[in-house]
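Hydrogens, waters and symmetry mates are skipped; everything else that's a heavy atom, side chains included, is used. Residue numbers start from 1 in every chain, and the chains themselves are labelled A, B, ... in the order their sequence lines are given, proteins ahead of strands.
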Amino acid sequence: MIRIYNTLSQRKEEFKPLEAGKVRMYVCGMTVYDFCHLGHARVLIAFDVVTRYLRHRGFDVHYVRNITDIDDKILRRAEENGETFTALTERMIEAMHEDEAKLGILSPTEEPRATSFIDEILAMIRVLIQKDYAYAADNGDVYFSVNAFKGYGKLSKKKLEDLLAGARVDIAEAKRSPADFALWKAAKAGEVSWPSPWGDGRPGWHIECSAMATGCLGNTFDIHGGGPDLLFPHHENEIAQSEAATGETFVKVWMHAGAVRVNKEKMSKSLGNFFTIREILEKYPPEIVRYFLVSSHYRSQVDYSEENLEEASRTLTRLYQALRGLVPSKDAPEGESDALFHAAMDDDFNTPEAITVLHAVVSDINLHRRERRDEEARASAAVLVRLGKILGLLQQDPEAFFQAGSSESLSADEIERLIEARKQARKDRNFAEADRVRDELASKGVILDDSREGTSWRRG
RNA sequence: GGCGCGGUGGCAGAGUGGUUAUGCAGCGGACUGCAACUCCGUUAACGCCGGUUCGAUUCCGACCCGCGCCUCCA
């Protein structure tokens with residue numbers, strides 16, 4: 001039985017898909033006006049693992065992750081850059097796909113874009129107006145009337161009165177209530193726009209997700225996910241719009257990832273304390289970044305720091321070290337390790353607990369190797385690779401992992417040559433020379449590992 | 001102010017009403033020409049104060065501290 005923490009009920013619930021064997025999931029993706037940062041990676045990887053695990057357990061997962069390719073920030077940035085907004089968004093979408101590929105993030109089943117759902121968006125707004133959940137204001141905007149939807153606040157546990165009391169919401173003259181939000185924004189002169197019954201304009205931020213989610217997955221679907229800062233108002237508004245329009249439950253399970261922090265503060269665009277994925281990948285191999293994120297539970301916050309990445313690096317090194325020079329068995333039957341791994345993942349995708357199973361398997365492998373039980377070692381290696389795959393880890397050739405360093409001071413050929421020289425020196429019992437060679441390599445970031453089979457190397 | 005989450009050994013990070021998670025780091029030993037890798041052993045924790053209980057890090061209450069959302073943000 002798989003249990004998932006549902007933000008709506010604030011507890012873990014047994015997961016029962018609407019349709020047996022099938023899972024329909026929507027995750028809020030990027031607004032493509034800048035490069036992805038680590039916070040995006042957090043969400044991307046969290047739901048990548050969810051998808052991988054559910055598929056591993058036999059579910060047919062229909063994973064939809066949208067791209068927001070029209071909004072105020074995009075228009076502003078494009079203008080600053082002196083390029084068209086489509087040039088900007090195309091560039092950023094391409095960059096995002098590169099980042100994802102490097103981090104081993106599987107493509108979603110569908111990746112709808114807001115600009116290709118304008119018809120659906122307009123249709124939904126029309127229904128909302130017909131049902132008196134929305135109104136066209138004098139300024140050309142169309143607003144959702146929050147007071148008209150009685151379930152408003154059920155996701156974020158906020159009361160309308162409290163929201164109004166806080167009153168940091170945008171008080172626009174045209175709104176009937178300060179908490180009302182735009183479904184359609186009237187275009188200013190010269191702005192990109194689409195024609196509508198209420199005048200030329202563009203969709204509001206929230207309506208696009210309602211239109212794309214229901215358009216791709218139906219009025220009701222199983223899982224909706226996203227970052228922690230989308231819970232309110234974005235997801236709350238999605239519920240209001242969708243349920244008001246369809247009269248049906250929008251989503252069964254709401255999942256939210258924890259924030260990525262830097263120096264105890266949330267990494268965010270507005271604080272300017274964010275690190276883009278590509279910046280980080282200049283310093284650390286992608287699998288280490290992935291390991292770092294997966295080594296804490298998806299709902300808890302993680303602190304980005306050099307020390308934490310370094311630790312992830314050392315730990316992942318241990319995992320790959322176990323696989324080094326071993327050819328995993330063709331088919332290793334599922335056993336106790338798989339059962340333990342599943343038990344951890346069944347409990348709200350408890351990846352830190354699942355990783356302990358990986359470490360136990362590593363210990364098995366190392367013991368088998370030490371005692372020269374090659375078949376057992378290869379069988380355990382197969383288990384390790386199989387379980388690692390569910391987390392998107394350990395799929396590389398170990399040598400490739402160890403030798404693909406950024407320190408390009410020495411080529412692989414030069415390293416091999418020095419290792420040969422050291423081998424000869426050791427044969428001649430000239431240990432001073434052998435150690436000199438080893439130190440020379442170490443000074444250039446190359447660590448040697450001697451074993452019965454010979455000497456291997458890695459970039460440290 | 002409202003709502004929500006959290007405080008675990010040097011660090012990271014799970015979990016449990018009673019039996020040392022796990023990893024990194026440290027320490028001792030084995031292996032090694034010496035190291036590295038690996039193995040064996042080992043040190044070390046549950047914010048504070050009450051309550052419930054035979055027994056609480058785990059349940060309940062208060063308190064302190066930190067974080068997030070309430071405004072665009074994954």
Side-chain angles (χ1 to χ4, degrees), chain A residues 7 10 27-31 33-34 36-47 65 71-73 76 153 156-159 161-170 179 205 225-234 236 256-261 264-272 274 291-292 295-297 299-303 305 307-319 321-322 324-325 344 347 350-360 362-363 365-367 369-371 426 429-432 434-435 438-439 442 447-452 455-458 460:
Chain A
T7 309
Q10 297 173 285
V27 173
C28 287
M30 279 282 292
T31 299
Y33 69 100
D34 205 342
C36 297
H37 65 231
L38 232 210
H40 297 108
R42 166 71 147 173
V43 172
L44 259 18
I45 286 175
F47 291 98
R65 194 183 63 224
D71 97 317
D72 293 356
K73 293 184 295 297
R76 196 187 325 132
S156 58
K157 319 302 171 198
K158 292 179 191 304
K159 293 193 181 75
E161 310 90 80
D162 298 338
L163 284 173
L164 300 182
R168 281 206 288 172
V169 284
D170 182 25
W205 174 36
D229 35 18
L230 297 185
L231 207 161
F232 188 89
H234 185 56
E236 193 70 63
H256 292 92
V260 175
R261 309 195 310 168
K264 310 285 181 194
E265 269 187 332
K266 192 183 77 162
M267 181 181 290
S268 73
K269 296 273 179 75
S270 40
L271 287 171
F274 62 93
Y291 182 88
F292 164 66
S295 66
S296 73
H297 186 86
R299 277 192 287 119
S300 61
Q301 52 194 13
V302 280
D303 273 71
S305 70
E307 303 81 76
N308 289 346
L309 269 291
E310 290 296 337
E311 184 183 321
S313 173
R314 284 191 294 269
T315 304
L316 193 59
T317 294
R318 172 181 149 80
L319 298 184
Q321 201 88 46
R324 208 169 195 186
D347 183 16
N350 193 334
T351 53
E353 180 99 33
I355 284 175
T356 66
V357 179
L358 261 40
H359 286 298
V362 164
S363 296
I365 293 173
N366 289 334
L367 272 176
R369 304 183 81 164
R370 192 180 176 77
E371 295 171 13
R426 292 179 75 200
R429 316 244 348 133
N430 183 356
F431 295 121
D435 289 350
R438 188 171 62 198
D439 290 346
I447 298 165
L448 299 186
D449 295 309
D450 294 330
S451 74
R452 287 194 286 266
T455 299
S456 53
W457 60 275
R458 62 191 151 97

Atom of A:Lys266, atom of A:Leu271 and distance for their closest heavy-atom approach | O-CD1, 3.3 Å
If the plane angle is over 60° it's perpendicular, under 30° parallel, otherwise tilted; pick one for A:His234 and A:Trp205.
-> parallel
Name the stems that RNA chain B belongs to, where each is three or more consecutive Watson-Crick or G-U pairs with both distances under 3.5 Å?
-> B:1-7 with B:64-70, B:10-12 with B:22-24, B:26-30 with B:38-42, B:49-51 with B:59-61
Which nucleotide sits closest to the side chain of A:Asp450: B:U22, B:C34, B:A74?
-> B:C34
Hey, which of these two, A:Val362 or A:Gln301, hits RNA chain B nearer its 5' end, going by closest nucleotide?
-> A:Val362
Distance-only donor-acceptor test (3.5 Å): side chain A:His37, base B:A74 | yes
A:Val260 has a side chain; which of B:G23, B:A74, B:C73 sits nearest to it?
-> B:A74
Can you find a donor-acceptor pair, distance only, under 3.5 Å between A:Arg42 side chain and B:A74 base?
-> no
Nearest-neighbour nucleotide for the A:Lys157 side chain, B:A12, B:C3, B:C34 considered = B:C3
The nucleotide from B:G23, B:A74, B:G13 with an atom nearest the side chain of A:Pro352 is B:G13
What about A:Lys159: does its side chain form a donor-acceptor pair under 3.5 Å with the base of B:C3?
-> no
What's the closest nucleotide to the A:Asp229 side chain, out of B:C69, B:U38, B:C24?
-> B:C69
Does OP1 or OP2 of B:A36 have a side-chain N or O of A:Trp457 closer than 4.0 Å?
-> no
For the side chain of A:Arg314 and the base of B:G23, is some donor closer than 3.5 Å to an acceptor across the two?
-> no
For the base of B:C69, is there a side-chain donor-acceptor partner from A:Ser156 under 3.5 Å away?
-> no
Counting side-chain heavy atoms from C-beta on, which of B:G4, B:A74, B:G68 comes nearest to A:Glu265?
-> B:G68
Looking only at side-chain atoms of A:Lys158, point me to the closest of B:A12, B:C34, B:C70.
-> B:C70
Of all the nucleotides listed (B:U38, B:C73, B:A14), which has the minimum atom distance to the side chain of A:Arg370?
-> B:U38
Side chain A:Asp435 and base B:G33 donor-acceptor under 3.5 Å = yes
Heavy-atom nearest nucleotide on RNA chain B taken for A:His234 and for A:Thr317; more 5' hit belongs to A:Thr317
Candidates B:C3, B:G4, B:C37 - which lies nearest the side chain of A:Arg458 | B:C37
